There are 2 protein chains.
Amino acid sequence: MALEHAILVSLLEQPGSGYELARRFDRSIGRFWTATHQQIYRVLRRMETDGWIAVEEVAQDGRPDKKVYSAAAPGRAALASWLREPVEPETVRHELAVKIRAAAFDDQAALTSLISEVERHRESHAALLARYLTGERRDFPDLTSPSAQQELQHVVLRGGIEYERMTLAWLDDVLATLHRIAN
Amino acid sequence: MALEHAILVSLLEQPGSGYELARRFDRSIGRFWTATHQQIYRVLRRMETDGWIAVEEVAQDGRPDKKVYSAAAPGRAALASWLREPVEPETVRHELAVKIRAAAFDDQAALTSLISEVERHRESHAALLARYLTGERRDFPDLTSPSAQQELQHVVLRGGIEYERMTLAWLDDVLATLHRIAN
DNA sequence: TCCTGCTATGCAACGAGTTGCATAGGCAAT
DNA sequence: ATTGCCTATGCAACTCGTTGCATAGCAGGA
């Protein structure tokens, strides 16, 4: 279980409310660990009960109040001991790959609809890659001596960028293959 | 939900028992859709109740009996309508990426233990890539006119191969970065 | 002989994750 | 004026996925 830990890392990088965390998970972190707002709120409450995080109620004008969370000492300790545990292999759930193999057992129409699905998929990966690259230029300009935190955030982002590049190239391969079959 | 569909595809490619399916999921399909044997048995029973698959009890000598499942017409129909639904974006749960960012908030010892974790991770990806490449040579020799099924299986495998190559390169980048920070 | 490991299936309990819905004020556009 | 969207938090019900355990026969090695 690592949602707690992903939240702790995010709060250490920058304190925030459940809502803000949910949006961060939709952006950068979310590509490595997805979570909905309900999940986040539930886990935040548990973490607060366990003393892993501290809360501060913040009144805002023009907007509902929010609870700003930040990592507390027991949370840091929990994160430290988790860091020393062995890493589990990443789990991938690639629905598209299953569909591609499924297309062998269906007709021409299914192939055509799959092609447009793959194209749509390709679009969204291209858009995400563009967003990553923009973020990289903004957040990681050439520095003579970046901090450890920046270096680590950057290498994870580079992983995302390379993943998207690889995926785009593979989707092109998939499209070429589907067209060859459908000809 | 796509475990049903992944099982259907696997049964269409080749009928088999729950146990055999579990092993297939540990091999090829498992890298695109993971499932434990308990999950598989539970879903198989549901699919049988719904008439998606047919069962045949097969006695074996020297081994326990097994139930060999195969896809039935309603199952094929369910697969066909699923194929026409929009694809959801793949979900990735990349614990290692979270740990790398977490390392910014811990000490030198954590960094050292993370480095050996990344190296172990790298080993297993290298081993998987080797297995994929062996499988590719075995299952997809140069053919003048491969079947649609072969083409589709092959393009999915190429995706796995490229994913592993990309991951290996990234893990090297991660190791270089971690060493730079630890120096 | 005992221990380990493989084939083969399954139950029970729990924890993780999803879906639908609810509240509630403010802002912007139609 | 009403509709729709954004911030902000949360409950309830459900399904999915994991973990631990159980059974049971056979094979192979210390």
Side-chain angles (χ1 to χ4, degrees), chain A residues 1-7 11 15-27 29-30 32-50 53 55-69 82 85-86 88-95 98, chain B residues 1-7 11 15-27 29-30 32-50 53 55-69 82 85-86 88-95 98:
Chain A
M1 228 292 297
L3 180 53
E4 272 102 329
H5 305 109
I7 288 175
L11 289 179
S17 69
Y19 190 81
E20 283 160 359
L21 282 168
R23 276 186 311 167
R24 284 186 221 167
F25 271 77
D26 276 345
R27 292 161 192 270
I29 306 181
F32 312 106
W33 208 275
T34 51
T36 60
H37 77 272
Q38 285 87 346
Q39 247 187 101
I40 289 169
Y41 283 122
R42 200 199 292 158
V43 171
L44 280 173
R45 233 171 307 139
R46 186 168 65 223
M47 290 168 80
E48 198 203 327
T49 310
D50 295 349
I53 52 177
V55 205
E56 199 195 348
E57 295 251 2
V58 174
Q60 302 183 108
D61 53 68
R63 290 180 184 186
D65 296 356
K66 64 177 177 180
K67 298 183 188 172
V68 174
Y69 293 93
W82 172 72
E85 280 169 21
E88 273 152 71
E90 72 267 20
T91 62
V92 182
R93 307 226 144 199
H94 215 307
E95 202 182 2
V98 179
Chain B
M1 229 291 298
L3 180 52
E4 273 102 330
H5 305 109
I7 288 176
L11 289 178
S17 67
Y19 190 82
E20 283 161 358
L21 281 169
R23 276 186 311 168
R24 284 186 221 166
F25 271 77
D26 275 346
R27 292 161 193 270
I29 307 181
F32 312 106
W33 209 275
T34 50
T36 60
H37 79 273
Q38 285 86 349
Q39 249 186 101
I40 290 169
Y41 282 121
R42 201 199 291 159
V43 171
L44 279 173
R45 234 170 305 140
R46 187 168 65 222
M47 289 168 80
E48 198 203 328
T49 311
D50 295 348
I53 52 176
V55 206
E56 198 196 349
E57 296 251 2
V58 174
Q60 302 183 109
D61 52 68
R63 291 178 183 188
D65 295 356
K66 64 177 177 180
K67 297 183 188 171
V68 173
Y69 293 94
W82 171 72
E85 281 170 21
E88 274 154 71
E90 73 266 21
T91 61
V92 181
R93 309 225 142 198
H94 214 308
E95 202 183 1
V98 179

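In this text the structure is predicted, and so the values were computed from the model without any measurement.
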Asks: Using the side-chain hydrogen bond (donor to acceptor under 3.5 Å, both in side chains) criterion, which residues pair with A:Glu90? Sequence neighbours excluded.
Replies: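 Result, side-chain hydrogen bond (donor to acceptor under 3.5 Å, both in side chains) vs A:Glu90: B:His121, B:His125, B:Tyr163.
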Asks: Take B:Met47 and B:Asp50 through the test side-chain contact (heavy atoms from CB on, under 4.5 Å) and record every step on the way to the result.
Replies: CA-CA 5 Å; B:Met47 289 168 80; B:Asp50 295 348; 5.8 Å; no
Asks: Taking atom P of C:dG26 as reference, at what distance in whole Å does atom OH of A:Tyr19 sit?
Replies: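 Nearest whole value for this atom pair: 16 Å.
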Asks: What is the distance from CG of B:Leu3 to C1' of C:dG17, rounded to the nearest Å?
Replies: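 Roughly 15 Å, once rounded to whole Å.
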Asks: Using a 4.5 Å cut-off on heavy atoms from C-beta on, say whether the side chain of B:Leu11 contacts that of B:Leu21.
Replies: yes
Asks: Determine the minimum heavy-atom distance between B:Ala6 and B:Phe25, stating which atoms define it.
Replies: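 The pair with the smallest heavy-atom distance is CB-CZ, 3.9 Å.
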Asks: Taking NZ, NE, NH1 and NH2 as the nitrogens, is one of them in A:Glu20 or A:Lys66 under 4.0 Å from a carboxylate oxygen of the other?
Replies: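 The answer is yes: the pair qualifies as a salt bridge.
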Asks: At a heavy-atom distance below 4.0 Å, which nucleotide of DNA chain D is the first touched by chain A, and which is the last?
Replies: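 For DNA chain D, the relevant span reads D:dT7 to D:dG17.
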Asks: Do B:Ile7 and B:Ile53 come close enough that some side-chain heavy atom pair is under 4.5 Å?
Replies: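 In short, these two side chains do not touch, never coming nearer than 4.5 Å.
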Asks: At their closest point, which heavy atom of B:Gly18 faces which heavy atom of B:Ile40, and how far apart are they?
Replies: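 Reported closest heavy-atom pair: O-CG2, 4.0 Å.
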Asks: Name every residue in residues 36-45 of chain A that has at least one heavy atom under 4.0 Å from any atom of DNA chain C, in order of residue number, or write none if there are no such residues.
Replies: A:Thr36, A:Gln38, A:Gln39, A:Arg42
Asks: Classify the ring geometry between B:His94 and A:Phe32 as parallel (under 30°), tilted (30 to 60°) or perpendicular (over 60°).
Replies: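 Ring orientation of B:His94 relative to A:Phe32: perpendicular.
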Asks: Go nucleotide by nucleotide along DNA chain C from the 5' end; which of B:Glu20 and B:Glu88 gets its closest nucleotide reached first?
Replies: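 Mapping each residue to its closest nucleotide by heavy atoms, the 5'-most match is B:Glu20.
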